[in-house]
Amino acid sequence: MLRRYATVASKPPSRLRARGKTAVGLDHFIQRQRALALWREIVRSTSHIPDQAARRDMRQFARSEFEQHRGVTDLGHIRYLISYGKTQFQTMRGTLINSGVLTEIA
């Protein structure tokens, strides 16, 4: 009779690795949260545009910009894109406020 006293425990892959992904670092996590916060701010602000077509166009433009840069992993480039996106958003918002399409919201 053969007994096994020691076995090699095979650890199942994590759910993340099973999907072919790796864990991100703290810096990437923070930048992701900043990008999501910018997206939420854009969606909230565009929800106040009374013209449905203009609202849809603004959201579609923002969505296409986010989708275009979805795969960027360089932290410096991500920071630049978030900063540039905030600037573009503030410019767009200011233009809409000045034209009377959007009322200034705190």
Side-chain angles (χ1 to χ4, degrees):
M1 180 164 152
L2 183 63
R3 293 185 184 177
R4 289 188 165 172
Y5 290 104
T7 59
V8 176
S10 62
K11 188 174 165 183
S14 69
R15 288 184 286 168
L16 200 60
R17 289 186 197 252
R19 288 185 280 164
K21 298 182 179 183
T22 58
V24 296
L26 179 61
D27 288 335
H28 277 93
F29 177 80
I30 291 170
Q31 297 311 315
R32 176 181 162 80
Q33 297 309 308
R34 289 182 64 212
L36 288 172
L38 175 60
W39 173 253
R40 286 186 203 107
E41 185 179 2
I42 291 169
V43 170
R44 283 187 198 115
S45 184
T46 56
S47 69
H48 298 290
I49 298 174
D51 182 25
Q52 187 176 5
R55 183 181 331 127
R56 186 181 63 242
D57 289 343
M58 292 296 171
R59 283 187 184 167
Q60 186 58 40
F61 174 75
R63 183 181 179 96
S64 67
E65 288 293 313
F66 274 82
E67 289 288 333
Q68 180 181 355
H69 301 291
R70 173 178 250 169
V72 175
T73 57
D74 178 52
L75 281 172
H77 194 181
I78 292 169
R79 286 183 184 108
Y80 166 77
L81 288 170
I82 292 170
S83 176
Y84 183 68
K86 284 183 178 182
T87 303
Q88 265 191 317
F89 170 65
Q90 293 301 329
T91 302
M92 180 262 315
R93 187 173 167 203
T95 302
L96 291 174
I97 289 171
N98 289 337
S99 65
V101 173
L102 186 65
T103 57
E104 191 161 358
I105 297 169

| Got a second to check how far Met92's CE is from Thr46's OG1, nearest 0.5 Å? | 7.0 Å
| query | Is Val43 reachable from Leu36 through a run of hydrophobic residues whose side-chain heavy atoms are each under 4.5 Å from the next? | reply | no
| query | Should Arg70 and Glu67 count as an ion pair when the cut-off is N to O under 4.0 Å? | reply | yes
| Any idea which heavy atoms bring Phe66 and Ala35 closest together, and the distance? | CE2-O, 3.6 Å
| Nearest 0.5 Å, what's the CD-CG distance between Glu65 and Leu38? | 11.0 Å
| task | Indicate yes or no for a side-chain donor-acceptor contact from Ser45 to the backbone of Ile42 under 3.5 Å, with no hydrogens or angles considered. | result | no
| query | Taking atom types as modelled and ignoring hydrogens, do the side chains of Arg34 and Gln31 form a donor-acceptor contact shorter than 3.5 angstrom? | reply | yes
| query | Which value, rounded to the nearest 0.5 Å, describes the distance between Leu96 atom CG and His48 atom NE2? | reply | 12.5 Å
| field | Counterpart residues, salt bridge (Lys or Arg N to Asp or Glu O under 4.0 Å), relative to Arg15 (two or more places apart) | value | none
| note | The ring pair (Phe, Tyr, Trp, His ring centres under 6.0 Å) partners of Phe61 (sequence neighbours excluded) come to none
| field | From Asn98 atom CG to Arg93 atom CZ, the distance as rounded to the nearest 0.5 Å | value | 11.5 Å
Under 3.5 Å, which donor-acceptor pairs link side chains of residues 75-89 to any protein atom two or more places apart or in another chain?
{"unit_1": "Thr87", "atom_1": "OG1", "unit_2": "Ser83", "atom_2": "O", "d": "3.0"}

